[in-house]
Amino acid sequence: MNKDYFFCGVGGSGMMPLAMIVQAQGGRISGSDRALDQGRSPEKFDWLRAHGVALHPQDGSGVVSADQVVVATGAVEDTVPDIGAARRVGAVIKTRPQLLSELFNAAPTSIGVAGTSGKSTITGMVAWILDQAGRAPTVVNGAVMKNFASPDQPFASALVGGPDLFVAEVDESDGSIARYDPTVAVVSNISLDHKSMEELRELFGGFVGRATTAVLNLDNPETAALAQTLAPGKAITFALGEEEAELSAHDLAPLPTGMTFELRVRGEAARAATLPVPGAHNVANALAALGAVRALGVDMDQAVAALETFSGIRRRLEVVGTQGGVTVIDDFAHNPDKIAATLKTLHAFDGRLLILFQPHGFGPLKLMKQEFVEGFAGLMRHDDVLLMPEPVYYGGTTDRSVGSEDIAAGVRAAGRQAQALATRADCGDRIIEIAKPGDRVVVMGARDDSLSTFAAELLARL
């Protein structure tokens with residue numbers, strides 16, 4: 001890895017951990033980021049500079065040599081100045097999935113965590129269990145793992161461990177899952193998100209087929225169907241309350257900040273388990289993580305003990321604070337499955353929900369308009385309020401025919417309270433206006449670091 005790497009979008013949630021691992025393996029790192037040019041998230045870029053990353057404007061000026069490897073997100077377009085510069089100087093261009101899969105496939109043992117929902121949490125749980133078991137994993141996650149965060153590592157979405165065991169969150173949305181050859185393939189669930197179901201079945205089927213062991217969820221019809229296609233002994237299955245599964249959870253009970261359940265592993269005595277993160281979906285995530293480490297021979301008692309000290313993932317139902325009797329929660333939910341998991345978890349306890357949902361693009365709204373409307377309308381209570389700004393839009397040729405008002409109108413037609421306002425600031429003003437003691441404000445959305453800042457500002461205003 002003794003080369004010069006230039007990361008285009010180095011501050012991104014997927015790019016930053018990869019850059020840190022490449023640096024730890026001997027690469028020299030520089031990069032650019034649109035957020036840096038716009039003055040957003042300055043603390044993140046200060047941290048990168050302090051850790052030896054040279055930063056440049058995203059104008060192509062940082063790409064000067066054919067010896068550089070230029071790493072881009074999935075979209076390699078000449079309209080991006082860094083990519084244009086790379087072509088002019090003859091630098092090698094790699095996409096993030098290309099580089100990550102090369103590192104992943106080079107490790108003797110690997111765990112790839114895939115699925116529509118739960119990937120970051122399962123990856124974080126696997127990382128923590130393996131770390132506590134002394135396995136020294138190298139981990140690339142798409143979100144900050146709070147167990148590994150510290151004043152010196154506030155952006156702990158990567159864990160630099162040994163060369164023999166690599167754990168990565170693997171993405172199907174761009175088709176790059178096809179590049180990974182895992183020892184253990186985890187698939188949490190498969191549902192409509194970015195691609196058609198036919199495409200998803202093919203991608204996940206190939207991913208599982210290339211693995212030595214697959215860890216699959218019997219509660220999800222698509223992953224249960226995948227399990228049926230595999231040779232006996234290749235799948236480790238898990239489910240909530242399903243006796244047929246190799247790992248199952250029973251008697252789930254919510255705590256204010258977590259869950260208790262009985263863990264049953266086929267052929268072993270039942271164990272009482274406590275999870276310090278809330279929601280039935282997180283119990284399913286825990287079963288997936290236990291299945292993954294079981295495939296590598298980690299002792300189950302040791303694994304369950306590690307989960308009891310799992311502190312969660314940043315922006316996954318993260319309580320920002322309580323002010324004047326109103327609690328503010330920061331959450332990554334952005335597709336119908338994740339939104340449903342969040343609303344179900346929060347409705348296990350009393351209190352009205354004031355939901356700010358910022359869509360991360362016009363494309364998902366058009367693809368899943370009906371699912372969004374049905375999800376909110378079906379799970380909101382009569383006194384809950386949904387507020388939506390227009391989707392994040394950075395320019396370009398995106399089809400903008402379906403916007404936030406289309407979702408809000410559908411939710412209102414189903415008898416629930418929903419409004420689309422022009423900006424996020426307008427939504428914030430409205431929340432401050434209507435919030436009262438006992439309410440919970442949920443700030444939902446993805447691909448925008450400033451949502452966490454916005455949540456903190458709301459709390460300060462209450």
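These numbers come from the heavy atoms of this one structure, side chains and all, not from hydrogens, waters or symmetry mates.
Rounding to the nearest 0.5 Å gives a distance of 4.5 Å between CZ of Arg400 and CZ of Phe362. One distance of note links CG of Leu247 with CZ of Arg294; it measures 6.0 Å at 0.5 Å rounding. If you take OG on Ser188 and CG on Asn220, they are separated by 8.0 Å, rounding to the nearest 0.5 Å. Here CZ of Phe166 is found 6.5 Å from OG1 of Thr138. Values are rounded to the nearest 0.5 Å. Atom CG of Asp171 is separated from atom OG of Ser176 by 5.5 Å, given to the nearest 0.5 angstrom.
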Asp37 vs Arg34, test: salt bridge (Lys or Arg N to Asp or Glu O under 4.0 Å). Steps then yes/no. CA-CA 5 Å; Asp37 296 349; Arg34 185 165 51 191; over 6 Å; no
Working note: Glu202 + Glu198, criterion side-chain contact (heavy atoms from CB on, under 4.5 Å); need CA distance, chi angles, decisive distance, verdict. CA-CA 6 Å; Glu202 189 174 331; Glu198 288 69 29; over 6 Å; no
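In this structure, a donor-acceptor pair under 3.5 Å is absent between the side chains of Asn141 and Ser157.
A donor-acceptor distance shorter than 3.5 angstrom exists from the side chain of Asn189 to the backbone of Ser117, with no hydrogens or angles considered.
Taking the six-membered ring where the residue is Trp, Phe372 and Phe376 present parallel rings, their angle staying beneath 30° rather than reaching 60°. A tilted orientation is assigned to the rings of His56 and Phe6, their planes being inclined by 30° to 60°.
Residues passing the side chain to side chain contact (heavy atoms under 4.5 Å, CB included) test with Glu405 are Ala408, Ala409, Arg412, Ala420, sequence neighbours excluded.
Across all non-hydrogen atoms, the minimal contact from Phe207 to Ala114 is CE2-CB, 3.7 Å. Nearest approach of Leu130 to Pro137, heavy atoms of both residues: CB-CG, 3.7 Å.
By the 6.0 Å and 45° rule, Arg424 stacks over the aromatic ring of Phe454. Relative to the six-membered ring of Phe332, Arg315 misses at least one condition, a distance below 6.0 Å or an angle of at most 45° to the axis.
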